[in-house]
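Written below as C-alpha cells is the structure these notes are about.
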Amino acid sequence: MPDFVAKFSAHAIDKLKASGASAEAIQAKLEEMKMLKRILDNPLTNAAATFIEPFPVGLIITLIRR
C-alpha cells in the first residue's frame, strides 16, 4: 500500500481536529507522521520493523514447543 502513510496521517489529523486538539498537538502529530513516512520510505528500516514485530512471538512459541 504505497499511500498507507498518507491515509493514516490524514485519519490521525482528522481525529485530532474532531476531538478539539490544540494547534500545537496537531503540529506535533504532523511531525510524528513525517518521521513515520521517512522510516517507512527507507526499505532497510521498513524491512527491519516488519521483521521485529512478529519475531518475539515466534521465538517464544518456538521455545515453548521444544
Side-chain angles (χ1 to χ4, degrees):
M1 291 181 49
D3 60 341
F4 169 75
V5 176
K7 288 181 178 180
F8 181 71
S9 297
H11 174 72
I13 298 303
D14 290 344
K15 191 174 176 182
L16 274 176
K17 287 179 180 177
S19 71
S22 67
E24 293 84 17
I26 293 171
Q27 187 61 36
K29 183 57 88 173
L30 280 170
E31 293 300 319
E32 182 182 332
M33 292 296 129
K34 286 179 187 177
M35 184 186 309
L36 176 65
K37 181 166 176 35
R38 276 190 308 234
I39 290 170
L40 293 178
D41 281 347
N42 182 338
L44 244 53
T45 57
N46 193 347
T50 302
F51 173 77
I52 288 171
E53 287 176 9
F55 180 73
V57 174
L59 181 63
I60 291 170
I61 291 172
T62 300
L63 293 173
I64 290 173
R65 292 186 66 165
R66 289 193 168 208

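Both backbone and side-chain heavy atoms feed into the values below; hydrogens, waters and symmetry mates do not.
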message: Does anything in residues 14-47 form a ring-ring contact (aromatic ring centres under 6.0 Å, His included)? List the pairs, not counting sequence neighbours.
response: none
- request: Could you tell me which residues satisfy salt bridge (Lys or Arg N to Asp or Glu O under 4.0 Å) with Asp3, sequence neighbours excluded, listed by chain and number?
  value: Lys7
statement: Residues passing the side chain to side chain contact (heavy atoms under 4.5 Å, CB included) test with Ile61, sequence neighbours excluded, are Val57, Arg65
message: Which Ile, Leu, Val, Met, Phe, Trp or Tyr residues join Ile26 in one cluster when any pair of side-chain heavy atoms under 4.5 Å counts as a link?
response: Ile13, Leu16, Leu30
message: Once side chain to side chain donor-acceptor pair (under 3.5 Å) is applied, what residue pairs with a partner in residues 8-20 remain, sequence neighbours excluded?
response: none
field: ILVMFWY clustering at 4.5 Å (side-chain atoms), partners of Phe55
entry: Phe51, Ile52, Leu59, Leu63
message: By the salt bridge (charged side-chain N to carboxylate O under 4.0 Å, His left out) test, which pairs, at least two apart or in different chains, include something from residues 48-61?
response: none
- prompt: Listed by chain and number, what are the side chain to side chain contact (heavy atoms under 4.5 Å, CB included) partners of Thr50, not counting sequence neighbours?
  reply: Asn46
- line: Contacts of Lys37 meeting side chain to side chain contact (heavy atoms under 4.5 Å, CB included) (sequence neighbours excluded), chain-then-number -> Val5, Asp41
- prompt: With sequence neighbours left out, what residues match Lys34 under salt bridge (Lys or Arg N to Asp or Glu O under 4.0 Å)?
  reply: Glu31
message: I need the full list of ring-ring contact (aromatic ring centres under 6.0 Å, His included) pairs touching residues 15-48, with sequence neighbours left out, sorted by first then second residue.
response: none
query: So which pairs with a foot in residues 20-30 pass salt bridge (charged side-chain N to carboxylate O under 4.0 Å, His left out), sequence neighbours left out?
result: Lys29-Glu32
